[in-house]
Amino acid sequence: MLPRLACWHLDVELPASRSLASRLRAPRSKRSRGSGRRGWIGDDMGSSGDDGYRLLNEYTNGFMVSQVLFAACELGVFDLLAEAPGPLDVAAVAAGVEASSHGTELLLDTCVSLKLLKVETRAGKAFYQNTELSSAYLTRVSPTSQCNLLKYMGRTSYGCWGHLADAVREGKNQYLQTFGVPAEDLFTAIYRSEGERLQFMQALQEVWSVNGRSVLTAFDLSGFPLMCDLGGGPGALAKECLSLYPGCKVTVFDVPEVVRTAKQHFSFPEEEEIHLQEGDFFKDPLPEADLYILARILHDWADGKCSHLLERVYHTCKPGGGILVIESLLDEDRRGPLLTQLYSLNMLVQTEGQERTPTHYHMLLSSAGFRDFQFKKTGAIYDAILVRK
Ligand SMILES: C[S@@+](CC[C@H](N)C(=O)[O-])C[C@H]1O[C@@H](n2cnc3c(N)ncnc32)[C@H](O)[C@@H]1O
């Protein structure tokens, strides 16, 4: 029998303002003692006897939980329930998502155990509805929806993770093994088709709908009127900058195909506050700016390429300007947070990079000439580093 997954820390309803992710990355003082992990499965258990066996089973079967989430999103279960006038029974959900009633019932009941759905019984029949968690993050209509991110994780990341042992053995990403495409040019492999590129960009955007404010207010950026979001993708952070720092202007710089997709599928303010510029940040002239935002850019690349990019930014940056690096920071001893360690393995299977410690970033940034290194762990998924020229 499968063990109870109660230690996924989902035993209470989450308010929409406090994400599951932020709970997983609660400050060390709030974590369970001794484990060094951030609120993860098994935190309330020891590692011997029955507890140890239960923990092992939770780890072994953890992928099933991810797949329940991915499948329910993919099928549109949460959207159907959000659009329904009231709770729905199995037959109505199965018909709505065009699935078997047996499979639907199993999926819905598992979602209830995972606190993704609520159930009530009327006249012996079960009726399902969304919880606060699924309403906030798993329905397309929610402004904090993570549906595209989950679809991307389910289709692309999950595939690459199936080759983790090979990635560890070879020390490189697994696009060739997973999708049959070589990854000599990393983003050509990531953007395998127009559809893949659009989905990746939608996934990027969704992350900042939840985390954008915390990373952009970690430091007061009001002294940087001209910003450049390097590798800014769909421009989600640029839009957040405008709302937080009125009067600033942001250039979103990305490869030509991303800029083309951004113009076609994403909306931007009418005024000139956001400018989209295409180019290769390793080769082409960079836009002049007071502040360069590098959000989840350096973690894609090995140290050599990061240094090359940072030196280019240093030479273009206005005097007194700086860089805001937004990444998930590893603890200095690299033993946590667990979520960031997992992200680093995700970088191994999917990119040429890794997650790094503050000291590692300090070394890269100071070698490029930057000074006044400050970093803030936000307590959410992503942390912020500010340096100046
Ligand atoms: C992991 S995504 C991060 C996107 C965005 N900064 C965010 O946090 O949502 C990396 C971004 O870098 C862009 N990129 C990759 N190589 C690039 C290059 N050589 N020149 C410009 N942009 C590049 C990708 O197209 C993508 O938008």
Side-chain angles (χ1 to χ4, degrees), residues 21 146 148-149 152-153 156-157 160 173 175 183-194 196-216 218 227-241 250-263 265-266 274-287 289 291-302 304-313 316 323-328 343-344 346-356 378 380-385:
Q146 303 293 296
N148 285 299
L149 177 67
Y152 171 77
M153 295 295 286
T156 301
S157 308
C160 292
N173 70 55
Y175 284 102
E184 272 85 53
D185 178 355
L186 177 60
F187 277 83
T188 307
I190 293 175
Y191 303 144
R192 294 178 300 285
S193 67
E194 189 89 27
E196 293 292 336
R197 182 165 61 249
L198 178 60
Q199 176 155 79
F200 182 71
M201 291 171 69
Q202 286 167 332
L204 293 176
Q205 169 161 282
E206 286 178 348
V207 169
W208 298 125
S209 69
V210 179
N211 300 285
R213 175 169 279 270
S214 68
V215 293
L216 292 176
M227 303 188 189
C228 173
D229 189 1
L230 278 180
L237 272 183
K239 286 180 224 165
E240 192 74 40
C241 276
V250 191
T251 302
V252 177
F253 186 94
D254 213 301
V255 295
E257 60 270 30
V258 165
V259 170
R260 198 178 58 238
T261 306
K263 286 180 177 163
H265 294 279
F266 296 82
I274 294 185
H275 168 66
L276 301 183
Q277 185 173 328
E278 56 184 58
D280 179 338
F281 53 42
F282 289 122
K283 292 189 196 140
D284 294 322
L286 301 177
L291 184 75
Y292 292 85
I293 299 172
L294 273 80
R296 299 186 291 175
I297 299 300
L298 299 177
H299 76 170
D300 291 336
W301 306 105
K305 280 193 176 169
C306 290
S307 295
H308 175 58
L309 176 58
L310 291 172
E311 280 161 21
R312 301 193 83 232
V313 176
T316 319
I323 299 188
L324 179 73
V325 174
I326 299 170
E327 295 287 359
S328 195
Y343 284 176
S344 208
N346 193 43
M347 291 300 113
L348 176 71
V349 297
Q350 289 200 258
T351 71
E352 298 176 11
Q354 59 175 309
E355 305 300 348
R356 297 177 171 92
T378 64
I381 305 247
Y382 294 102
D383 307 301
I385 296 171

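Order of listing sets the numbers, starting from 1, for every ligand and every atom in it.
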Would you sort out whether His299 and Ser344 count as a side-chain contact (heavy atoms from CB on, under 4.5 Å), showing the intermediate values?
-> CA-CA 8 Å; His299 76 170; Ser344 208; over 6 Å; no
With a distance cut-off below 6.0 Å to the six-membered ring centre and an angular limit of 45° from the axis, does Arg296 pair with Tyr382 as a cation-pi contact?
->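 The answer is yes, since Arg296 meets both limits relative to Tyr382.
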Which atoms of ligand 1 sit under 4.0 Å from any heavy atom of [X]?
X      : value
Val258 : 25 (O)
Val255 : 17 (C), 18 (C), 20 (N), 21 (C), 22 (N), 23 (C), 25 (O)
Ala295 : 3 (C), 5 (C), 6 (N), 7 (C), 8 (O)
Trp301 : 16 (N)
Tyr191 : 24 (C), 25 (O), 26 (C), 27 (O)
Phe282 : 19 (N)
Gly279 : 20 (N), 21 (C)
Asp280 : 18 (C), 19 (N), 20 (N)

Tell me, do [X] and [Y] make a side-chain contact under 4.5 Å, heavy atoms counted?
X      : Y      : answer
Arg192 : Thr156 : yes
Gln277 : Phe253 : yes
Leu230 : Ile323 : no
Tyr343 : Ile381 : yes
Glu327 : Ile385 : no

For [atom], closest protein heavy-atom neighbour:
atom                    : value
atom 21 (C) of ligand 1 : Phe281 CD2, 3.2 Å
atom 1 (C) of ligand 1  : Arg296 O, 3.3 Å
atom 2 (S) of ligand 1  : Leu204 CD2, 3.9 Å
atom 7 (C) of ligand 1  : Trp208 NE1, 3.2 Å
atom 12 (O) of ligand 1 : Ile297 CD1, 3.5 Å
atom 13 (C) of ligand 1 : Asp254 OD1, 3.3 Å

Looking only at non-hydrogen atoms, find the nearest pair between Ile190 and Glu196 and report the distance.
->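 It is O-CB, 4.0 Å.
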Verify salt bridge (Lys or Arg N to Asp or Glu O under 4.0 Å) between Arg197 and Glu257, making sure each step is shown before the conclusion.
-> CA-CA 9 Å; Arg197 182 165 61 249; Glu257 60 270 30; 5.1 Å; no
Looking only at non-hydrogen atoms, which of Ala236, Gly231, Gly353, Gly233 approaches atom 5 (C) of ligand 1 most closely?
->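 Shortest heavy-atom distance from atom 5 (C) of ligand 1: Gly231.
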Sub-4.0 Å heavy-atom contact, Tyr382 with ligand 1 =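 For ligand 1, residue contact (heavy atoms, under 4.0 Å) with Tyr382 is absent.
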Region of Leu186 engaging ligand 1 - heavy atom pairs below 4.0 Å |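 Under 4.0 Å from ligand 1, Leu186 contributes no heavy atoms.
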Could you check whether the rings of His308 and Phe282 sit parallel, tilted or perpendicular, using 30° and 60° as the cut-offs?
->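 Judged by the thresholds at 30° and 60°, the geometry between His308 and Phe282 is parallel.
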Could you go through the side-chain contact (heavy atoms from CB on, under 4.5 Å) check for Val250 and Leu237 one step at a time?
-> CA-CA 10 Å; Val250 191; Leu237 272 183; over 6 Å; no
